[in-house]
Novice: 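Structure below; questions to follow.
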Amino acid sequence: MDLGKLSKERKYVSDVTLSDEGKKVTVAGWVYDDRDLGKVRFIVLRDVSGELQVTGVKGETEEKIFKLMGGISRESAVVIKGIVKKSPKAPGGRELFPSEIDILSKAEHPLPIDVSDFSKTELPKRLDYRFLDLHRKRTQAIFRIQSTLMQGYREFMVGEGAIEANFPSIIGSSSEGGTELFKAKYFEKEVYLSQSCQLYKQMVACAMEKVFAVFTVWRAEKHNTIRHLNESRQFDFEMAFADEFVAMDYLARSLQFAVKKIIEKNSKELELLGIKLKVPTTKYMTFKEANELLKKHKVETSPNDLTGEGEKKLGELFPDVIVFVHDWPLEGKTFYIMPKGKDLSCGFDAIYKGMEISSGGQRIHLPELLTERLKAKGLNPKDFTSYIDSFRYGAPPHAGFGMGVERLTMVMLELNNIREAVMFPRDRDRLTP
Ligand code: ATP
Ligand code: MG
């Protein structure tokens, strides 16, 4: 097969229309379905754009081709040439009468997973065969939407004048002082995989004002939950001369922009997934107000964090709303979040559709205060010398957020496991594919 020639000749099936009636076209894709009615044989060919019915008729279709049509295993990759004919009964009102069929890659059978739209195969097994699961329309719909989400976030941030940055994934010491880091060997040293690009985005913001990244993070959380991965992606943003309310505004507008883009570009995918997506509005409340509201609804609260149940309730009370919970207790935020008075902080969480999608806040840009906060959190300022020193030379007040890409995809598309929202998940038990 001359693939160069094929890529020039080939038509995507969604571009094969009635205006091609009587013309010869070349299409390529996978055998999605087949039916043998004795005198008539059908193949439904699927490519990235859609589906096309290919019809063979005994006595009319060349015998060799007709015979072949009865024996191509489903999900095999094929190239088909044929004449387009009008067919009111076929999807799209047209079908293809084949004159040539090339099998480029035969799918072995039985297939290890059910690749129908409503696959009966359980998620772990589908993930074992993710390469085949990606043949499914539902799976493709999720990742097309996620792709639009990422484009939308980038487009918004670039439009706001932010620069896109890349940060190192190997770090010499913990950025957050947490214990949930993966260790790695780096020559004769012990290093860690980054759990956030916090320090780096702050340094860039303090010089270049607005910076964003789509950054991979690793967290060695031992528990397997439906909302945590050990490797995930974050939409990061950091901005100088800004407080947490500026950061919340950027978060809200970036998400609204991206959702609008998804609604415009992915209506077919949303319909397939049965999701009615609305551009979210915003609501702001203090942590205290949020907990009072939750108590009124008899939901369990906790002094320094929202409970999972609390997040869920906020999603029920405010559907299609990004709920910003700010004035967060200082105790419940990391050391680099700016204090607000004695007990509160300039930190916030964003809750959307019943789950935390982001944490953010104004950061501490004052070396003395940073040292004090590190000590208060039981950390040794000596371990953070270069971080603290980076604020000694004209670092302005600044704020930002980190928003989970897969977490956001999960809540937006109402998926019941975050693993559905990542092509190749890394969790405690999964390292392949
Ligand atoms: P959670 O309380 O939901 O575990 P977190 O507060 O520990 O999240 P942050 O450090 O605030 O997480 O990270 C920012 C965002 O990144 C979160 O709001 C969430 O959207 C996402 N996120 C955090 N941890 C994970 C994870 N293990 N897997 C996938 N996404 C994550
Ligand atoms: Mg958080």
Side-chain angles (χ1 to χ4, degrees), residues 146 149-150 153 174-182 193-199 201-202 212-238 244 247-248 250-252 254-255 258 280 287 290 301-302 304-312 314-315 322-326 328-337 345-363 377 399-413 415-430:
Q146 189 174 68
L149 174 68
M150 294 198 290
Y153 182 74
S174 160
S175 49
E176 314 244 338
T179 49
E180 20 171 91
L181 287 165
F182 285 111
L193 296 183
S194 183
Q195 66 178 164
S196 102
C197 60
Q198 188 60 35
L199 319 185
K201 64 177 179 174
Q202 286 185 257
F212 79 96
V214 183
F215 187 68
T216 305
V217 298
W218 290 271
R219 299 184 180 201
E221 317 186 47
K222 289 196 182 75
H223 43 276
N224 262 326
T225 80
I226 55 144
R227 56 189 262 176
H228 293 98
L229 295 161
N230 292 114
E231 180 184 79
S232 66
R233 263 62 36 180
Q234 300 227 339
F235 289 135
D236 274 292
F237 176 66
E238 203 70 24
E244 74 270 31
M248 286 184 254
Y250 273 76
L251 190 161
S254 69
L255 190 50
F287 184 86
T301 59
S302 117
N304 297 316
D305 203 354
L306 286 173
T307 58
E309 221 194 307
E311 290 176 10
K312 199 167 150 222
L314 288 176
I322 309 164
V323 182
F324 287 110
V325 182
H326 55 87
W328 202 274
L330 188 58
E331 182 74 24
K333 286 287 172 192
T334 42
F335 68 87
Y336 55 75
I337 292 288
S345 78
C346 299
F348 69 84
D349 270 16
I351 314 299
Y352 178 47
K353 291 185 183 283
M355 228 179 262
E356 177 193 324
I357 52 160
S358 173
S359 286
Q362 185 178 338
R363 327 298 190 182
K377 289 279 180 190
F401 61 80
M403 176 157 61
V405 179
E406 294 88 357
R407 180 73 64 81
L408 193 50
T409 309
M410 174 192 184
V411 294
M412 203 183 266
L413 303 182
L415 306 171
N416 48 31
N417 193 315
I418 195 167
R419 288 160 186 79
E420 296 272 13
V422 52
M423 282 190 182
F424 304 105
R426 288 292 170 261
D427 61 27
R428 183 128 200 211
D429 308 312
R430 185 172 297 281

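All values below were derived from every heavy atom in this structure, side-chain atoms included, with hydrogens, water molecules and symmetry-related copies excluded. Sequential numbering from 1 along the given sequence is applied to the chain's residues. Both ligands and their constituent atoms are indexed starting at 1 by order of listing.
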Novice: Please compare Arg233, Glu356, Met410, His223 and report which has the shortest non-hydrogen distance to atom 6 (O) of ligand 1.
Specialist: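 Ranked by closest heavy atom to atom 6 (O) of ligand 1, first place is Glu356.
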Novice: Quick check: do Arg426 and Leu229 have side-chain heavy atoms less than 4.5 Å from each other?
Specialist: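 When only atoms from C-beta onward are counted, Leu229 and Arg426 do not touch, as no gap falls below 4.5 Å.
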Novice: Heavy-atom distances under 4.0 Å decide this one: backbone, side chain, both or neither, for Glu406 against ligand 1?
Specialist: neither
Novice: Take the Mg ion (ligand 2) as the centre and count protein N, O or S atoms at distances under 2.8 Å.
Specialist: 2
Novice: Establish, yes or no, whether a centroid distance under 6.0 Å links the rings of Phe212 and Phe237.
Specialist: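 No, the ring of Phe212 stays outside the 6.0 Å limit from the ring of Phe237, centre to centre.
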Novice: Please list, in number order, the atoms of ligand 1 under 4.0 Å from a heavy atom of His228.
Specialist: 1 (P), 3 (O), 4 (O), 26 (C), 27 (N), 28 (N)
Novice: Evaluate the side-chain proximity of Glu180 to Lys222: yes if any heavy-atom separation is below 4.5 Å, no if none is.
Specialist: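 Sidechains of Glu180 and Lys222: no contact.
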Novice: Mind checking whether Phe287 and Trp328 have ring centres under 6.0 Å apart?
Specialist: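 Ring-ring flag for Phe287/Trp328: true, centres closer than 6.0 Å.
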Novice: Given Gln234, Glu231, Arg219, which has its nearest heavy atom closest to atom 9 (P) of ligand 1?
Specialist: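 Among Gln234, Glu231, Arg219, the closest heavy atom to atom 9 (P) of ligand 1 belongs to Arg219.
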Novice: For Lys333, is there any backbone N or O sitting under 3.5 Å from a side-chain donor or acceptor partner on Lys377?
Specialist: yes
Novice: I'd like to check the side-chain contact (heavy atoms from CB on, under 4.5 Å) partners of Asn416; sequence neighbours left out, ordered by chain and number.
Specialist: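 So Asn416 forms no side-chain contact (heavy atoms from CB on, under 4.5 Å) with any residue.
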Novice: Can you sort out which atoms of ligand 1 are near Ile418, meaning under 4.0 Å from one of its heavy atoms?
Specialist: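 What qualifies from ligand 1 is 29 (C).
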Novice: At less than 4.0 angstrom from any non-hydrogen atom of Leu229, what atoms of ligand 1 do you find?
Specialist: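 Under 4.0 Å from Leu229, ligand 1 has these atoms: 26 (C), 27 (N), 28 (N), 29 (C).
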Novice: With sequence neighbours left out, what residues match Glu356 under side-chain contact (heavy atoms from CB on, under 4.5 Å)?
Specialist: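 Counting only residues at least two positions away or on another chain, Glu356 forms a side-chain contact (heavy atoms from CB on, under 4.5 Å) with Arg227, Glu311, Asp349, Ile351, Ser359, Arg407.
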Novice: Show the atoms of ligand 1 that are less than 4.0 angstrom away from any heavy atom in Ser358.
Specialist: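 Under 4.0 Å from Ser358, ligand 1 has these atoms: 18 (O).
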Novice: Hydrogens and angles aside, do Asn224 and Arg430 bring a side-chain donor and acceptor to less than 3.5 Å of each other?
Specialist: no
Novice: According to side-chain hydrogen bond (donor to acceptor under 3.5 Å, both in side chains), who are the partners of Arg428, at least two apart in sequence or on a separate chain?
Specialist: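 Once residues adjacent in sequence are excluded, Arg428 has no partner under the side-chain hydrogen bond (donor to acceptor under 3.5 Å, both in side chains) criterion.
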Novice: Give the numbers and elements of all ligand 1 atoms closer than 4.0 Å to a heavy atom of Gly402.
Specialist: 14 (C), 15 (C)
Novice: Going by the closest heavy atom to atom 11 (O) of ligand 1, which one wins out of Ser359, Pro425, Gly404?
Specialist: Ser359
Novice: Quick one: does Glu406's side chain have a donor or acceptor within less than 3.5 Å of a partner on Arg419's backbone?
Specialist: no
